[in-house]
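Worksheet: one structure, shown below.
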Amino acid sequence: WKTEKGKSVLRAAKLRRRARVNNLPYIFTVEDYDHMMEYWGYKCAYCGKGLDFWTTLAVDHWIPIASPVCPGTVPENMLPACHNKKGAPKGTHCCNRTKSAKDPETWLIETFGKRQAKVILGRIHQYFLSLKRETT
C-alpha cells in the first residue's frame, strides 16, 4: 500500500465510508481522483500549494458532508486541498483544516479576500464545468 495507486485506493475507501455513513451518494472513483489531481497539477485547488516536507494533499468536499445540501462524494464536489502532515509547525497554512465544514464561498472570502476569492471560485467553477462536458 506504499505505492501511489495503493494510497489512492485507501483514500477512496475512506471517502466511500464517509458518504455511506451520511447516507449520501458515492461515485468518486480512483480514476476520478487521478483526473482531479492531474487537472490541478497535484496542487491545492484553493491556494495552489503543492506537496512539500510539511504538506500533503487531502481530498476535500467542496460542499461539506455536514451541509444539508451536500451532493455527496461525487466528482463535481471533490477538490484537492493542502493538508498539514503530522508534526508540521504551528501556523503552517492548511486549507483543508481551516475550511472544515464551513460554507465554501464564505470561507474563500474570509481566507483570501473578495478579489482573490472571486478568482479561485472562477477556477473551481471551470473545473466542475469541465467535468460536466466530459460526461456529455
Side-chain angles (χ1 to χ4, degrees):
W1 293 106
K2 296 288 183 186
T3 66
E4 197 54 43
K5 192 68 163 179
K7 290 178 185 176
S8 295
V9 171
L10 287 174
R11 285 185 194 108
K14 287 180 182 178
L15 291 168
R16 187 171 37 256
R17 182 180 184 289
R18 284 186 68 200
R20 192 173 54 241
V21 164
N22 288 284
N23 205 26
L24 292 169
Y26 178 92
I27 57 169
F28 189 69
T29 65
V30 172
E31 291 78 18
D32 292 325
Y33 170 82
D34 292 340
H35 174 78
M36 175 191 73
M37 295 303 282
E38 287 173 17
Y39 181 95
W40 291 101
Y42 294 86
K43 294 182 179 174
C44 178
Y46 307 121
C47 71
K49 188 174 185 179
L51 301 170
D52 64 26
F53 188 75
W54 294 115
T55 307
T56 188
L57 291 172
V59 182
D60 184 54
H61 290 84
W62 168 243
I63 300 170
I65 287 267
S67 170
V69 295
C70 180
T73 305
V74 296
E76 299 82 13
N77 193 39
M78 308 309 291
L79 294 169
C82 61
H83 188 81
N84 293 343
K85 291 181 183 175
K86 189 175 183 175
K90 289 190 183 219
T92 305
H93 177 77
C94 175
C95 289
N96 185 251
R97 184 165 294 143
T98 61
K99 179 178 167 282
S100 188
K102 296 176 183 164
D103 172 75
E105 292 186 31
T106 302
W107 172 80
L108 278 175
I109 293 168
E110 290 171 352
T111 305
F112 299 101
K114 282 185 181 182
R115 184 174 295 162
Q116 188 62 23
K118 186 176 181 181
V119 171
I120 296 167
L121 191 56
R123 287 194 303 250
I124 291 168
H125 284 309
Q126 278 301 120
Y127 170 66
F128 290 148
L129 188 60
S130 78
L131 295 176
K132 289 180 182 171
R133 283 192 206 121
E134 290 174 11
T135 59
T136 57

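All values reported here derive from a predicted model rather than from experimental measurement.
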Within residues 98-122 or reaching into it, pairs that qualify as ring pair (Phe, Tyr, Trp, His ring centres under 6.0 Å) - sequence neighbours excluded
Y46-W107, W107-F112

Pairing residues for P89 by the side chain to side chain contact (heavy atoms under 4.5 Å, CB included) criterion, not counting sequence neighbours
W54, T92

Just jot down the side chain to side chain contact (heavy atoms under 4.5 Å, CB included) partners of I63, sequence neighbours excluded, or say none.
S67, V69, C70, P71, N77

Which distance, rounded to the nearest 0.5 Å, do you find between the [atom1] of [X] and the [atom2] of [Y]?
X: L121; Y: Q116; atom1: CG; atom2: CD; answer: 11.5 Å
X: I65; Y: T73; atom1: CD1; atom2: OG1; answer: 4.0 Å
X: M37; Y: L79; atom1: CE; atom2: CG; answer: 11.0 Å
X: S100; Y: H61; atom1: OG; atom2: NE2; answer: 12.5 Å
X: I120; Y: H125; atom1: CD1; atom2: NE2; answer: 12.0 Å

Provide the full list of salt bridge (Lys or Arg N to Asp or Glu O under 4.0 Å) pairs with a residue in [range], sequence neighbours left out, each pair given once.
range: residues 102-125; answer: none
range: residues 37-53; answer: none
range: residues 81-92; answer: none

Under the 4.5 Å side-chain heavy-atom rule for ILVMFWY, direct or indirect, which residues accompany V119?
none

Quick one: hydrophobic cluster around I109, which other residues, with the 4.5 Å side-chain cut-off, linked directly or via members?
none

Minimum heavy-atom distance between Y127 and M36, given as atom pair plus value:
OH-CB, 3.2 Å

Between C44 and C82 the two heavy atoms that sit nearest each other are SG-N, 3.3 Å

Check side-chain hydrogen bond (donor to acceptor under 3.5 Å, both in side chains) between N84 and all other residues, then give those that pass, not counting sequence neighbours.
none

Hits for salt bridge (Lys or Arg N to Asp or Glu O under 4.0 Å) against D60, two or more places apart or cross-chain, chain-then-number order -> K99

Using modelled atom types only, decide if a donor and an acceptor are shared between the side chain of D32 and the backbone of T29 within a distance under 3.5 Å.
yes

Just wondering, do L129 and Q126 contact through their side chains at under 4.5 Å, heavy atoms?
yes

Do W40 and L57 touch side chain to side chain, with heavy atoms closer than 4.5 Å?
no

With the 4.5 Å side-chain cut-off for hydrophobic clustering, are I27 and W62 part of the same group?
no

Any link between Y39 and V74 through a network of hydrophobic side chains (Ile, Leu, Val, Met, Phe, Trp, Tyr) touching at under 4.5 Å?
no

